[in-house]
4 protein chains.
Amino acid sequence: MWFDIDPKSAIPLFEQIVSQVIFNIASGGLEVGDLIPSVRKLGSQLTVHPNTVAKAFQELERMGVVAERRGRGMEVTPDAPKICQLQRRQRVGNRIAEALREAMSSGLSPEEIRQLVESVIRSP
Amino acid sequence: MWFDIDPKSAIPLFEQIVSQVIFNIASGGLEVGDLIPSVRKLGSQLTVHPNTVAKAFQELERMGVVAERRGRGMEVTPDAPKICQLQRRQRVGNRIAEALREAMSSGLSPEEIRQLVESVIRSP
Amino acid sequence: MWFDIDPKSAIPLFEQIVSQVIFNIASGGLEVGDLIPSVRKLGSQLTVHPNTVAKAFQELERMGVVAERRGRGMEVTPDAPKICQLQRRQRVGNRIAEALREAMSSGLSPEEIRQLVESVIRSP
Amino acid sequence: MWFDIDPKSAIPLFEQIVSQVIFNIASGGLEVGDLIPSVRKLGSQLTVHPNTVAKAFQELERMGVVAERRGRGMEVTPDAPKICQLQRRQRVGNRIAEALREAMSSGLSPEEIRQLVESVIRSP
DNA sequence: GTGGTCTAGACCACT
DNA sequence: GTGGTCTAGACCACG
């Protein structure tokens with residue numbers, strides 16, 4: 001299980017947490033029936049306030065990706081893998097599309113953009 | 001001169017306006033000494049509140065890209081092209097890098113990402 | 001002895017258990033001197049955590065409805081029937097009053113509400 | 001426009017606020033295109049923290065009942081009346097059904113319950 | 001002025 | 001220990 005959170009990003013923290021949980025389920029890092037980390041544990045791990053994590057969890061619950069097990073925590077639902085794999089493609093695709101749309105509106109040529117993409121995809 | 005604004009994007013409107021002005025200067029759509037449109041004119045053209053446009057112009061002035069010509073409006077400075085071409089690469093590059101970083105952290109393979117990018121770059 | 005528990009209700013489980021014991025005593029299903037089921041037995045019967053049952057029993061003891069018989073369990077007290085018949089009317093009345101108060105504040109007419117009540121009272 | 005909030009109720013405040021807005025729209029007290037009161041205004045009117053009101057508004061936005069007008073407030077959507085009239089019946093019906101189900105499980109006869117209902121419906 | 005996000009910390013129900 | 005609700009108050013983006 002892996003979390004990649006950037007507190008300086010314009011994307012709200014709770015939204016980033018939602019995405020990361022989705023990605024973990026989509027890639028099999030979290031499986032059906034698993035308990036996801038508690039709000040307090042994850043909060044201290046990410047140095048984020050537990051309330052912020054809780055907000056992310058409520059969103060995930062609303063999506064049907066996790067369900068509360070009273071007094072135990074939040075459990076990955078049977079429907080989660082299907083939902084999350086779909087969501088992953090949508091979220092990743094949308095953000096790339098948005099960035100490329102901006103790139104093209106900037107006057108850079110498709111070739112320059114392709115080079116930029118390649119340099120990024122290889123580097124980090 | 002061309003503006004591509006998306007009011008539904010998570011990126012603040014004033015930030016999008018700043019970028020679009022920078023892109024117009026970088027690509028030669030606006031040249032040194034040109035007057036950029038007034039706050040009201042641009043506001044009504046983009047259906048954005050004039051205060052929001054004013055905030056963007058303030059930011060551009062702070063960057064040294066435009067300067068006030070008393071009684072005439074905001075004028076593109078001599079330094080602007082150099083600044084804007086640099087800014088364009090940085091802004092476009094950063095946003096692509098961010099989107100790709102997310103894509104890679106999502107568990108998709110580099111090959112899948114490359115395909116996604118190609119499909120987006122070709123479509124619209 | 002009969003228990004009607006809904007784990008999805010907004011009403012706390014322990015509160016539902018308290019009510020159900022009260023109703024059983026009020027209606028004569030449990031009589032003075034009877035032993036109520038043990039915390040573990042009732043817990044496994046209702047698939048509820050024993051601590052939750054224990055909390056309900058604590059509340060019932062505080063109300064004077066049951067008392068501990070050392071080594072035997074919890075026994076229905078002589079005062080219980082009187083207390084429980086009063087409590088039953090209060091609890092049922094309060095909850096109905098609350099639901100109807102909401103119904104009336106919703107803008108539905110008394111006639112529409114009466115119909116709703118009739119349809120519910122006849123159906124299940 | 002009318003709000004009936006009970007801070008002592010077991011129902012969460014934000015949920016009560018959601019219901020009350022729905023009821024107001026369903027009964028025509030709020031019409032399509034109206035701005036609902038701001039989080040701060042409604043918060044101080046109900047002596048509830050603005051964050052609690054905001055949580056209710058987010059739920060309403062998620063339901064498609066209101067939409068944000070950036071910098072102006074939350075506006076009643078065209079779909080709202082239909083949604084709210086449906087929701088009103090469901091919410092009111094559910095709560096009455098729950099209360100009556102409890103009443104019947106308490107051992108009271110249908111006739112006693114009907115009398116209770118009538119006495120409540122006539123009194124306040 | 002508007003709502004959105006975040007931190008902080010309290011209390012509660014439940015296991 | 002778990003999550004849910006609420007209060008409190010800060011800062012931000014937008015009009």
Side-chain angles (χ1 to χ4, degrees), chain A residues 7 9-17 35-44 46-61 66-75, chain B residues 7 9-17 39 43 47-56 59, chain C residues 7 9-18 39 43 46-56 59, chain D residues 7 9-17 35-44 46-61 66-75:
Chain A
S9 162
I11 298 153
L13 286 172
F14 84 92
E15 194 60 43
Q16 294 185 49
I17 295 170
L35 291 177
I36 62 177
S38 78
V39 287
R40 297 179 234 260
K41 203 166 191 170
L42 196 49
S44 79
L46 305 175
T47 56
V48 153
H49 196 278
N51 283 0
T52 305
V53 181
K55 187 171 182 180
F57 283 11
Q58 279 173 311
E59 175 72 9
L60 289 163
E61 189 173 24
V66 298
E68 191 180 357
R69 287 272 157 263
R70 312 232 288 204
R72 305 236 314 279
M74 306 292 273
E75 187 183 278
Chain B
S9 163
I11 297 151
L13 285 174
F14 87 94
E15 194 62 40
Q16 294 184 49
I17 295 170
V39 160
T47 58
V48 155
H49 197 282
N51 285 3
T52 305
V53 181
K55 187 166 187 177
E59 174 73 8
Chain C
S9 162
I11 298 150
L13 286 174
F14 87 95
E15 194 60 43
Q16 294 185 48
I17 296 170
V18 168
V39 161
L46 304 176
T47 57
V48 155
H49 197 282
N51 286 2
T52 305
V53 181
K55 185 165 186 178
E59 175 72 9
Chain D
S9 162
I11 298 153
L13 285 172
F14 84 93
E15 193 60 43
Q16 294 184 50
I17 295 170
L35 291 177
I36 61 177
S38 79
V39 287
R40 298 180 234 261
K41 203 165 189 169
L42 195 49
S44 80
L46 305 175
T47 57
V48 154
H49 196 278
N51 283 0
T52 304
V53 182
K55 187 171 183 180
F57 283 11
Q58 279 172 314
E59 175 73 9
L60 289 163
E61 188 173 23
V66 297
E68 191 180 356
R69 285 275 155 262
R70 312 230 286 202
R72 306 235 313 279
M74 306 293 272
E75 187 183 279

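Throughout, protein chains are lettered first and strands after them, A, B, ... in sequence-line order, and every chain is numbered starting at 1.
- Heavy-atom minimum distance, D:I11 versus D:Q16: O-NE2, 2.8 Å.
- Taking atom CZ on A:F57 and atom C1' on F:dT5, their separation rounds to 17 Å, with Å as the unit.
- The overall bend of the helix from E:dG1-F:dC14 to E:dC14-F:dG1, read as the angle between its terminal helix axes built from five base pairs each, is 10° when rounded to 10 degrees.
- Heavy-atom minimum distance, A:G73 versus A:L35: C-CD2, 4.2 Å.
- D:E61 comes within 4.0 angstrom of the backbone, heavy atoms only, and of no base.
- Across the protein-nucleic acid pair, D:L46 atom CG and F:dC6 atom C1' stand 14 Å apart, rounded to whole Å.
- Heavy-atom minimum distance, A:S38 versus A:F57: C-CE2, 4.3 Å.
- Residues D:H49 and D:T52 meet the side-chain proximity criterion, which asks for heavy atoms closer than 4.5 Å.
- If you take NZ of D:K41 and P of E:dG3, they are 10 Å apart, rounded to a whole angstrom.
- In this structure, D:L35 places its CG atom 10 Å from C1' of E:dT2, rounding to the nearest Å.
- The minimum heavy-atom distance between A:L42 and A:P37, with the atom names listed, is CB-CB, 4.3 Å.
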Protein within reach of the bases, or only the backbone? For nucleotides 7-15 of chain F, mark each nucleotide 5' to 3' as B, S or -, using heavy atoms under 4.0 Å. BBB---SBS
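- The CG atom of A:L42 sits 16 Å away from the C1' atom of F:dG1 (whole-angstrom rounding).
- The CD atom of C:E59 sits 14 Å away from the P atom of E:dC12 (whole-angstrom rounding).
- In terms of modelled atom types and a separation under 3.5 Å, the side chain of A:T47 and the main chain of A:S44 share no donor-acceptor contact.
- Atom CD of C:Q16 is separated from atom P of E:dA13 by 13 Å (rounded to the nearest Å).
- Scanning both residues, D:P7 and D:L13, for their nearest heavy atoms gives CA-CD2, 3.9 Å.
- Annotation for C:A56 and C:I17: closest pair CB-CG2, 3.6 Å, computed over non-hydrogen atoms.
- No donor-acceptor pair under 3.5 Å is formed between the side chain of C:E59 and the backbone N or O of C:E15.
- Between the CG atom of A:L60 and the C1' atom of F:dG4 there is a distance of 16 Å, rounded to whole Å.
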